[in-house]
Protein chains: 4
Amino acid sequence: MKTEQILNAAAELFSRKGYHNTKMKDIADMAEVGKGTLYEYYRSKDELFKELVKVGARRYQQLTEQQLNKEGITLWDKLQAILEHQVDYVWDNKSFAFLLLGRESYIITESELYQFLYQTGEEIFKAMETVFQEAVDSRKIAPGNATVYAKIFYGIATEVVSSMVLWGNNKPSREEIKEIIYTLRFGLERKEL
Amino acid sequence: MKTEQILNAAAELFSRKGYHNTKMKDIADMAEVGKGTLYEYYRSKDELFKELVKVGARRYQQLTEQQLNKEGITLWDKLQAILEHQVDYVWDNKSFAFLLLGRESYIITESELYQFLYQTGEEIFKAMETVFQEAVDSRKIAPGNATVYAKIFYGIATEVVSSMVLWGNNKPSREEIKEIIYTLRFGLERKEL
Amino acid sequence: MKTEQILNAAAELFSRKGYHNTKMKDIADMAEVGKGTLYEYYRSKDELFKELVKVGARRYQQLTEQQLNKEGITLWDKLQAILEHQVDYVWDNKSFAFLLLGRESYIITESELYQFLYQTGEEIFKAMETVFQEAVDSRKIAPGNATVYAKIFYGIATEVVSSMVLWGNNKPSREEIKEIIYTLRFGLERKEL
Amino acid sequence: MKTEQILNAAAELFSRKGYHNTKMKDIADMAEVGKGTLYEYYRSKDELFKELVKVGARRYQQLTEQQLNKEGITLWDKLQAILEHQVDYVWDNKSFAFLLLGRESYIITESELYQFLYQTGEEIFKAMETVFQEAVDSRKIAPGNATVYAKIFYGIATEVVSSMVLWGNNKPSREEIKEIIYTLRFGLERKEL
DNA sequence: GATGAATGAGAATTCATTCAT
DNA sequence: GATGAATGAATTCTCATTCAT
């Protein structure tokens, strides 16, 4: 209950103003608890922040891997689903998501967090790579470097959510996502639409 | 001279440790000037930081638009050139680049900077959009939404440089970039290599 | 019952860690009661501490004056008895004793306590002075300043117990105490042993 | 200069109000410097306090051992000189002296300081013991336990200075000190004055 | 009566900025 | 111009005390 209020307030403020510009007093006020109460639940500002990032990262990762592991659906539907779910998740958890996109320099300094986020990103990337590798191996897509394919897709996915979170862009429509996948599938120089 | 030393030290430190973890004393020490001297050249820490970001953003923008405006070269060579130049620029100016990728939450808070970076990004994006629109209009590439095309390319470009700066990835080889463009051109489902 | 537990825990902790380093939570934990319960019995941390010191000081004073008022025993046996009893008392009540030796700076600040301990000490001292004065008057010991005699004895007595409490020295043996009295009686330059 | 002001203010306040009741703001105000200035000279409140105690203890020890090592002077003059010098030193440095008498519970908690003061006391005690042992060996005083003799003298010396510092007693006169030594020399039961 | 979750006043410490030299 | 000692506003965190259960 109280934990919930605190985490939500903290996520909101940290993502909007960054680690150093968010004061414990602000969090307490927004969570409608006393300053001291924060320390009943989290040993320090650091710990609160780390908790937040870790919880968020884990959820995000689960979500993505869930989509990647779906069986019996074409690669294109899978990619479509990943983008859609990421967009939905990020849209609904803007403040959490912000923390995960590495926009907070505090993360860089705290090697524990840095490692954590690095690994999370790496794992997601590896999972994507595997999917592409399998598609190459089973000749579902053109032969080529699965890592490059993964990097392209990862880049697009990141850009799509970043632009929402960072620059306040609109949530891309299902249609738009479909176009992205379509383009990725047949290339810019495709002849037929 | 002094300005040079100060800006370089500041860029290095801000990008490595973030705005709030970089102390004026640190900058003075690394620039090998007195703490007071910083204030001879910049009214405040804020101003120094802003200066840095603006200088960097302007250079980056120029570089990109230069590539986009080149005449008499195919779209593919143009895109290839953009990626290559961005990679080179970022590689050589890691510390500046970092500041531009919006990894510093301080930027979010300072609406002047936020506006500035938003517009810079927007301008680059618009320029790209125009290029793609022209290519669509002149039937050099498949008909479709030029905005989507631009977003894809922008996402890939950002990811490529981000991963270098943020996660310390290697500089992608010319070969790798070629592959990216190639994939983008013919799509993942292309039949012939 | 509860009062007992609380006072014992408090004495133990205050004497070991001092007023400010002892937290109400610590006392509650050691006394195996809830934090709120402390406030059922004592209005505040201050009051608890004062109570403790007062109880201890009164006991100590009683003990000493009892010995001083014993009739029909030689001065030397009386002094011997005082030292022995003080040593025993302090040994058995190390934590209480500590508080009485004025080792806690909090006492200095709280003028009520300061006054109290000052008076207690003064009373003990006066009682000793009287004993020595009577001994001088009745020519049992050499003529001289009874105040000086009292100060010497008081100093020795204090040092003996302080060293136990403060520096963890061993409890001095009955033999050792006898030697002290003996030396005080015949002086360092005595001829015969 | 500034260091001087700070140390004096700190000694005064720590000794009057104890470690925890002395606030850095108080010290800064009394020293007539800014709060931040304290931290230019001492890393923390702890360090400032420790510095103070160590400086004081070293001075006190030197003074005492100087007296103990004087050659060509009778034992009695030596003891007289020790007491006189201690009284003078403490009178002139009441605030420093207070810290050394172990009246501050903070010291107990900080094992580094505790060790330090314990050793300083021990060294002084050992030096006294040696003096008495030599006097016994050379038959200048009665055969007996030099440790007991030292303990008696140490106790008296401590009491004399403690009473000045702790209870605000007057500075004992030269005459009074002489009486103390005299009593110690010939004992309470001496026949001739 | 007993409890401990919640609270906020109060303290140590940091660091951008100033200004006398 | 250059410097760095001095400053105090601002921030994190602690813990005695309260009060609803």
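Model, not experiment: these values are computed from the prediction. So that the names make sense, note that chain A is the first sequence line, chain B the second, and so on, each numbered from 1.
- Applying the 4.0 Å criterion to OP1 and OP2 of F/dC13, one finds that A/Y42 has every side-chain N and O outside that range.
- The distance from atom CD of D/Q5 to atom C1' of F/dT7 is 15 Å, rounded to the nearest whole Å.
- Without hydrogens or angle criteria, D/N93 side chain to D/Y89 main chain gives a donor-acceptor distance under 3.5 Å.
- The interatomic distance linking A/L48 (CG) with F/dT12 (P) rounds to 11 Å, in whole Å.
- Atoms CD (C/E32) and P (E/dA2) sit 15 Å apart, rounded to a whole Å.
- In terms of modelled atom types and a separation under 3.5 Å, the side chain of D/K23 and the main chain of D/H20 share a donor-acceptor contact.
- Two residues are said to be in side-chain contact when any heavy atoms from C-beta on lie closer than 4.5 Å; C/I27 and C/L48 meet this criterion.
- Not one N or O on the side chain of B/S95 forms a donor-acceptor pair closer than 3.5 Å with the backbone of B/S15.
- Computed from coordinates, the D/L38 CG to F/dA5 C1' distance equals 13 Å when rounded to whole Å.
- Protein atom CG of A/D29 is 12 Å distant from nucleotide atom P of F/dT12, rounded to whole Å.
- Geometrically, C/K45 engages C/Y19 in a cation-pi contact defined by less than 6.0 Å to the ring centre and at most 45° from the axis.
- Judged purely by atom type and a 3.5 angstrom limit, A/S44 uses its side chain to pair as donor or acceptor with the backbone of A/E47.
- Summarising the base pairing, F/dT3 is matched to E/dA20 through a Watson-Crick or G-U wobble pair whose two defining distances lie under 3.5 Å.
- The aromatic rings of B/Y106 and B/F49 stand perpendicular to each other, their planes meeting at an angle above 60°, with 30° marking the opposite boundary.
- Rounded to a whole Å, the OH atom of D/Y41 is 14 Å from the P atom of F/dG4.
- Mapping A/K2 and C/K2 onto DNA chain E by nearest heavy atom places C/K2 at the nucleotide closer to the 5' end.
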Sugar-phosphate or base contact per nucleotide [nucleotides 14-21 of chain E; S, B, -; heavy atom under 4.0 Å]: BSSBB---
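- A/D26 has its CG atom 13 Å from the C1' atom of F/dT12, to the nearest Å.
- Under the Watson-Crick or G-U wobble criterion, with both distances below 3.5 Å, F/dA10 is paired with E/dT13.
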